[in-house]
Amino acid sequence: MTAAQDFLTASSLHKAFDGAQAVDGVSFTIRQGEIFGLLGPNGAGKTTTIRMLSTVLQADAGDVTIGGFSVGRQGDEVRRLIGVCPQELALYPELSASDNMIFFGRMAGLSGREAKAAARQNLETVGLADRAKDKVDKFSGGMKRRVNIAIALMNRPRMLFLDEPTVGIDPQSRNHIFETVESLRDGGMTVLYTTHYMEEADRLCDRIGIMDHGRLISLGAPRELKARIGDPDQVTLESVFLDLTGRSLRD
Amino acid sequence: MPTVLHQALLIAAKDTRIFFKDRFAVGFSFLFPFLFVIGFTLALSGQGPDDSPLTITVSSQEETEAGETLMAGMIAESPLTIRQLDYDEALAQVESGDLDGFVSFPVGFTQALTEGRPATLEVVTGGGSAESAAALRSFADHVAGELAAVQNTYSALSLLGEAGQADLDAIDWSAALGSRDYAIRFEVETVGEVGPFNASNFTLPGYLTMFVFFAAAMSAEAIARERQTNTLERLMSNGTRREAIVLGKFIGASYRGVAQLAVMWTVGIVAFDIDLGASPAAVIVISALMVLASSAFGLLLASLVSSVRAAATAGVLASLTLAPLGGCWWPLFITPQWMQSLAKITPHGWANTGFNKLMLFGAEFGDVTQEMAALLLFGVAFLAFALWRFRLTAS
Ligand SMILES: Nc1ncnc2c1ncn2[C@@H]1O[C@H](COP(=O)(O)OP(=O)(O)O)[C@@H](O)[C@H]1O
Ligand SMILES: [Mg+2]
C-alpha cells in the first residue's frame with residue numbers, strides 16, 4: 001500500500017474578529033480520499049476555518065494549500081477544485097431543486113446542457129431525483145439539507161467541504177447523508193466534515209481534529225483518540241472531549 | 001471560469017425568475033402604480049376646466065400704448081384663447097373663485113423690457129386646480145422666453161444706433177413676437193392642442209418614477225436576505241467575482257424596471273390617453289436612464305445596510321421621502337422655488353422635470369439633455385459607490 005498523499009495542508013491559521021481570536025493557530029493536513037472531521041462545540045471556530053480554507057475569508061496569518069495550489073495566491077485554481085456546502089441553506093427556496101443546481105452549475109462554468117445532466121446526476125446521488133422539479137420551499141428540512149449538499153457537487157469538485165450538514169434533521173435524512181458522503185469518499189472524493197455531534201464524527205470520519213476555543217486540541221483516528229484515555233471499545237469521543245477540556249461537548 | 005458579464009447575466013436571469021414567482025412583488029410593481037394613477041387622475045380632473053379648452057386670462061396695468069400693442073401682439077400670435085381683463089376685476093374674480101388665476105403685466109413692464117432692465121411678470125393664482133396653475137406658469141414662462149428674445153434683438157438694434165431713442169410705440173410687437181422661432185414657443189401650442197387638461201400626463205410619470213424606485217429599493221432587501229443565507233458567499237467560493245454579483249443585481253433590477261416602463265407607458269397610452277409630447281424618444285430615454293439610476297440606487301441601499309430588516313425599513317423610508325421631494329405626488333412646477341431646488345438632489349426630481357417638460361410643455365429632445373445627463377450621473381455615482389462598498393457577507 002502506498003502512503004496516502006496530502007491533499008490539503010493548513011499551517012498556523014489565525015483569524016480574529018474584533019480582537020477576539022476565532023481561530024488561533026490551527027494546523028492540520030487532510031489526505032487525499034479521506035473524510036476528515038472537525039469536531040467541536042458551537043463557537044469553536046469550525047466555520048471560520050472552513051471559510052478560510054475555501055477562499056471566502058482571508059486569514060490574518062497562516063498558509064493553506066489545496067491540491068498543490070495556494071489558497072492565498074491561486075484562489076481561482078483552488079475554487080475549481082473545491083465544492084462548499086455552507087452551514088446555512090445557501091439556496092433559493094423559490095426555485096425548484098434542479099433550477100437551483102443548474103444555476104450554480106452554470107455560474108461555475110458548465111454549459112446549460114452539462115449543468116442539466118450534472119443536476120440530474122447529483123440529485124440522484126442525494127436521493128432526490130423524483131423531486132427535481134419541486135420548489136425547494138416545499139421540502140422538509142432534511143431534503144433541503146440534501147439539496148444544499150448536491151449544489152456543492154455541481155462543479156465536479158475533488159474536495160468537498162461540509163459544514164454541519166446534518167443540523168436539525170430527521171434520522172432518515174441523516175443516514176442518507178452519511179451514505180452519500182461515504183459513497184463520495186469511496187469514489188475518491190476528499191471530504192472535510194464539521195460537526196458538533198460526536199457519534200457522527202465517530203461513525204463517519206477517518207480522522208478527526210477536535211477543536212475548542214479556536215485551537216486544535218487533538219488529532220487522530222477516532223480509535224486512536226479513544227485509546228489515549230482507555231479501551232477504545234468502551235469510551236466515547238464525548239469522554240475524550242471531557243478529558244481534554246473538563247467540559248462536556250454538549251454545553 | 002465564465003466571464004464577469006456572463007455570470008452577471010445568469011444572476012440577472014435567475015433574479016428575474018424569482019421576481020416573477022413572487023406575486024406580491026409583481027402586484028406591487030405593476031398594479032399598485034395604476035391604483036395611484038387612477039385615484040389621483042380622478043381627484044385632479046374633478047376640479048379642472050374639463051371640457052373647455054384652456055383660457056388664459058391676462059391683465060395689463062400698463063397705460064402706455066406700447067403695453068397695449070404688446071398685448072395685442074400676444075393675443076394675435078397665441079394659439080390659446082386669451083382673455084383680457086382689468087387687473088382689479090381679475091383679482092376680484094380670483095378672490096371670489098370664478099377665476100383660477102391670471103398673468104399680469106405690471107406698470108413699467110414694457111419700459112423695463114426695452115431698456116434692458118429685468119422686467120417682472122406676475123402670475124396670480126387662487127386656490128384653484130393644479131393644472132390651471134400649471135398652465136398659467138407655463139404661459140408666463142413662454143411669454144418670458146419670447147420677450148427675452150425680443151429684448152435681446154431690441155438691445156442689439158439700440159447698440160447699432162438704428163433705433164436711436166427708445167421709440168416704444170414704433171415697435172411692431174406683433175411682427176417681433178411672430179418672427180421668433182423660440183424653443184419654449186411650443187409649450188403653449190401643446191397646452192392649446194390638448195385642450196381639456198389630462199391629469200394623467202403628470203400623475204402617470206410621477207407614479208412610474210416612484211414605483212420604479214420603490215421596486216428597486218425593495219431589491220436591497222432581497223440582497224440582504226441573500227447575504228444572510230450565504231448564497232452570495234457560496235457563489236464566491238464557486239468562482240463568482242464580486243463585480244459579477246453587483247453587475248448581475250444591477251442588470252436584474254433594470255430588467256424589472258424596463259418591464260415596469262413598458263407596462264406603464266403602454267397602458268398609459270391605451271387606457272389613460274396620455275400624450276408623450278413632441279419627442280416620445282426623449283421620454284423613452286429619460287425613462288430608461290431613470291431605470292438605470294433606480295437600479296443603482298437599490299444597490300447603493302444594499303451597500304449601506306446589513307440586516308434584512310434594516311434594508312426593508314431603509315427602502316420604504318427612502319422611497320416615501322424621495323417621491324414627494326422629487327415631485328412624484330404633485331407637479332414640481334407648481335411648488336415654490338426652494339422645493340424645486342431641493343428636488344434637484346433627487347433623481348426623481350430630474351426624471352419628473354424631464355417628463356413634465358416633454359409631456360406638458362412641449363419640450364423637444366434637445367431641451368431635456370440636462371435632465372438626461374443628471375440621471376446618468378446619479379446612476380454612475382450610485383453604481384460606483386456600490387462597487388466600492390458592496391459586501392457579500394452579513395458581517
Ligand atoms: N463574521 C464574524 N464576525 C464576528 N465574529 C465572528 C464572525 N464569525 C465567527 N465569529 C466568532 O468566531 C468564533 C468562532 O465562530 P465559528 O467559526 O462560527 O464557530 P463554529 O462554526 O465552530 O460554531 C465565535 O466566537 C463567533 O462568534
Ligand atoms: Mg459553524
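Below, read A as the first sequence line, B as the second, and so on, with proteins coming before strands; counting in each chain starts at 1.
Summarising the geometry, atom CD belonging to B:Glu233 is positioned 7.5 Å from atom CG belonging to A:Leu57; distances are rounded to the nearest 0.5 Å. Considering NZ of B:Lys14 and CD of A:Glu94, their distance stands at 8.5 Å, rounded to 0.5 Å. Between B:Thr240 atom OG1 and A:Met107 atom CE the span is 3.5 Å, to the nearest 0.5 Å. Between atom OG of residue B:Ser237 and atom CG of residue A:Leu53 there is a gap of 12.0 Å, rounded to the nearest 0.5 Å. With rounding to the nearest 0.5 Å, the separation of CZ in A:Arg106 from CG in B:Leu9 is 10.5 Å.
Looking at B:Glu226, the atoms closer than 4.5 Å to chain A (heavy atoms on both sides) all sit in the side chain, from C-beta outward. When heavy atoms are compared at a cutoff of 4.5 Å, B:Leu392 does not approach chain A at all. If you measure heavy-atom distances from A:Asp137 to chain B, you find no contacts under 4.5 Å at all.
For residues 84-121 of chain A, the ring pair (Phe, Tyr, Trp, His ring centres under 6.0 Å) pairs, not counting sequence neighbours, are A:Tyr92-A:Phe103, A:Tyr92-A:Phe104.
For the pair B:Arg241 and A:Asp76, the minimum side-chain heavy-atom distance is below 4.5 Å. Two residues are said to be in side-chain contact when any heavy atoms from C-beta on lie closer than 4.5 Å; A:Leu95 and B:Ile18 meet this criterion.
The side chain to side chain donor-acceptor pair (under 3.5 Å) test with B:Asn230 is passed by exactly one of A:Glu88, A:Gln87, A:Arg51: A:Glu88.
The neighbour count for A:Glu77 CD, taken as heavy atoms of other residues, nucleotides or ligands under 6.0 Å away, is above 12. Shown here is A:Arg174, whose CZ atom has more than 12 heavy atoms of other residues, nucleotides or ligands within 6.0 Å. Annotation: B:Arg242, atom CZ; neighbour count of heavy atoms from other residues, nucleotides and ligands within 6.0 Å is above 12. Atom CZ of B:Phe32 sits in a sparse spot, with 12 or fewer heavy atoms from other residues, nucleotides or ligands closer than 6.0 Å. In this structure, A:Lys116 places its NZ atom where only 12 or fewer heavy-atom neighbours from other residues, nucleotides or ligands lie under 6.0 Å away.
A:Val84 approaches B:Arg234 most closely through the heavy-atom pair O-NH2, 3.0 Å. The shortest non-hydrogen separation linking B:Pro2 to A:Gly109 is CG-CA, 3.5 Å.
Top candidate by heavy-atom pairs under 4.5 Å with chain B, chosen from A:Ser54, A:Pro86, A:Ala152, A:Ala90, is A:Ala90. In terms of heavy-atom pairs under 4.5 angstrom with chain B, the leader among A:Asn155, A:Thr55, A:Ile151, A:Leu91 is A:Ile151.
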